[in-house]
A.B. asks: 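For reference, the structure I am asking about is given below.
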Amino acid sequence: MPTDEELSRVPVPSTPRIDALPQPRTPQRIDLGAIARGFDEMGAPDPSRPGVAMGPALLVFVSFSMSDAALERLAEQAARSGATLVLRGLVEDSLPKTVTRVQRVIGQRKVGFQIDPQAFDRFSITATPSFVLIKDRSVPTPCAAGTCFAADSYALAAGDVSIDYALRFIQRSAPKFSRDANHFLARIKGG
């Protein structure tokens with residue numbers, strides 16, 4: 001054991017200076033509070049109702065490795081249709097960089113955007129963009145990826161196409177999803 005004299009010679013670390021921490025180099029500050037308020041405005045699912053909270057759900061799996069033009073096209077259609085854009089993870093493991101990139105893609109549009117790596121596993125997504133249409137009243141169950149849907153409760157399409165093209169493809173290849181696809185197609189057309 002060190003003696004009292006030896007301990008008295010050990011320098012005591014000072015408290016860290018928070019004002020000396022590095023600051024982000026973004027030209028404008030990211031308002032995380034505004035982002036949280038936007039999420040709150042979207043509303044929470046009704047826990048008393050089983051399955052998808054408000055009718056069928058449409059998830060569009062995207063990546064920032066996609067072209068900006070493709071991302072902006074999908075964000076525009078997602079805003080009109082009510083689809084949710086889904087990312088696997090953060091840009092360079094940084095929430096501020098991710099938020100900045102998302103804001104650049106979304107602009108002023110009201111678009112649901114989430115980061116959910118488990119959803120990529122849940123629906124076996126291997127390419128972006130991919131489109132998952134979940135039938136109305138589908139009930140998720142617990143699984144290794146959090147919650148999962150039965151294979152017959154959702155349809156999947158993949159390819160560098162628009163949301164309306166993917167929905168029409170789902171209608172042709174899985175006719176039992178036609179009614180749910182029409183729900184989103186009508187919203188895209190403004191109906």
Side-chain angles (χ1 to χ4, degrees), residues 32 35-36 38-39 42-45 50-106 109-171 173-174 176-177 180-181 183-185 187-188:
L32 293 177
I35 293 169
F39 180 76
M42 288 172 51
V52 178
M54 296 177 278
L58 180 59
L59 304 176
V60 181
F61 292 83
V62 296
S63 167
F64 285 125
S65 65
M66 295 169 51
S67 73
D68 286 346
L71 285 168
E72 288 173 14
R73 180 185 70 231
L74 292 173
E76 171 62 33
Q77 284 197 319
R80 288 186 291 158
S81 67
T84 300
L85 301 177
V86 183
L87 280 173
R88 182 183 297 275
L90 301 174
V91 173
E92 297 177 27
D93 292 327
S94 167
L95 182 58
K97 287 181 181 181
T98 304
V99 170
T100 299
R101 188 74 194 274
V102 167
Q103 285 176 331
R104 199 168 60 214
V105 169
I106 290 177
R109 300 177 193 103
K110 292 189 182 237
V111 179
F113 215 106
Q114 66 187 41
I115 300 169
D116 188 353
Q118 290 180 332
F120 279 74
D121 295 335
R122 184 178 307 130
F123 295 107
S124 301
I125 303 301
T126 58
T128 56
S130 287
F131 309 84
V132 173
L133 176 62
I134 303 171
K135 282 185 81 57
D136 187 16
R137 302 189 192 281
S138 294
V139 179
T141 58
C143 68
T147 57
C148 294
F149 291 89
D152 65 347
S153 67
Y154 68 91
L156 171 68
D160 189 10
V161 297
S162 62
I163 292 175
D164 57 329
Y165 184 93
L167 289 169
R168 287 193 299 275
F169 173 80
I170 289 171
Q171 285 179 316
S173 62
K176 74 177 189 173
F177 289 90
D180 296 308
H183 171 82
F184 293 100
L185 285 168
R187 290 167 123 189
I188 289 172

A.B. asks: How are the rings of Phe149 and Phe123 set relative to one another: parallel (under 30°), tilted (30 to 60°) or perpendicular (over 60°)?
C.D. replies: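 The arrangement is parallel - the two ring planes meet at less than 30°.
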
A.B. asks: Please identify each residue that fulfils side chain to side chain contact (heavy atoms under 4.5 Å, CB included) with Gln171, with sequence neighbours left out.
C.D. replies: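 Per chain and number, Gln171 pairs via side chain to side chain contact (heavy atoms under 4.5 Å, CB included) with Arg168, Ser178, Ala181, Asn182, Leu185.
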
A.B. asks: Judged by atom type as modelled, is there a donor-acceptor pair below 3.5 Å linking the side chain of Ser130 to the main-chain atoms of Ala127?
C.D. replies: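 Judged by distance alone, yes, a pair lies under 3.5 Å.
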
A.B. asks: Relative to the ring of Phe120, is the ring of Phe61 parallel (under 30°), tilted (30 to 60°) or perpendicular (over 60°)?
C.D. replies: perpendicular

A.B. asks: Rounded at 0.5 Å granularity, tell me how far CZ in Arg88 sits from CD1 in Ile115.
C.D. replies: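 Rounded to the nearest 0.5 Å, the CZ-CD1 separation comes to 12.5 Å.
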
A.B. asks: Working to the nearest 0.5 Å, report the span between CE of Met66 and CG of Asp160.
C.D. replies: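 Rounded to the nearest 0.5 Å, the CE-CG separation comes to 6.0 Å.
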
A.B. asks: Please name all residues satisfying side chain to side chain contact (heavy atoms under 4.5 Å, CB included) with Ser162, sequence neighbours left out, ordered by chain then number.
C.D. replies: Arg73, Gln77, Asp164, Tyr165

A.B. asks: Does some side-chain heavy atom of Ser138 sit less than 4.5 Å from a side-chain heavy atom of Tyr154?
C.D. replies: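 They are not in side-chain contact.
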
A.B. asks: Any salt bridge linking Asp68 with Arg101? Criterion: basic side-chain nitrogen under 4.0 Å from a carboxylate oxygen.
C.D. replies: yes

A.B. asks: Quick one: pull up CG in Leu85 and CD1 in Ile163 and give me the separation to the nearest 0.5 Å.
C.D. replies: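 Those atoms lie 6.5 Å apart.
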
A.B. asks: Is there a donor-acceptor pair closer than 3.5 Å between any side-chain N or O of Thr98 and the backbone N or O of Val91?
C.D. replies: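 Judged by distance alone, yes, a pair lies under 3.5 Å.
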
A.B. asks: Measure the spacing between NE2 of His183 and CG of Asp136 and express it to the nearest 0.5 Å.
C.D. replies: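 Interatomic distance, His183 NE2 to Asp136 CG, rounded to 0.5 Å: 8.0 Å.
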
A.B. asks: Mind checking the CZ-CG spacing from Phe177 to Leu133? Nearest 0.5 Å is all I need.
C.D. replies: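 Here the interatomic distance stands at 6.5 Å.
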
A.B. asks: Between atom CG of Leu87 and atom CZ of Phe64, what is the distance when rounded to the nearest 0.5 Å?
C.D. replies: 5.0 Å

A.B. asks: Can Leu58 and Asp180 be said to form a side chain to side chain contact (heavy atoms under 4.5 Å, CB included), step by step?
C.D. replies: CA-CA 9 Å; Leu58 180 59; Asp180 296 308; over 6 Å; no

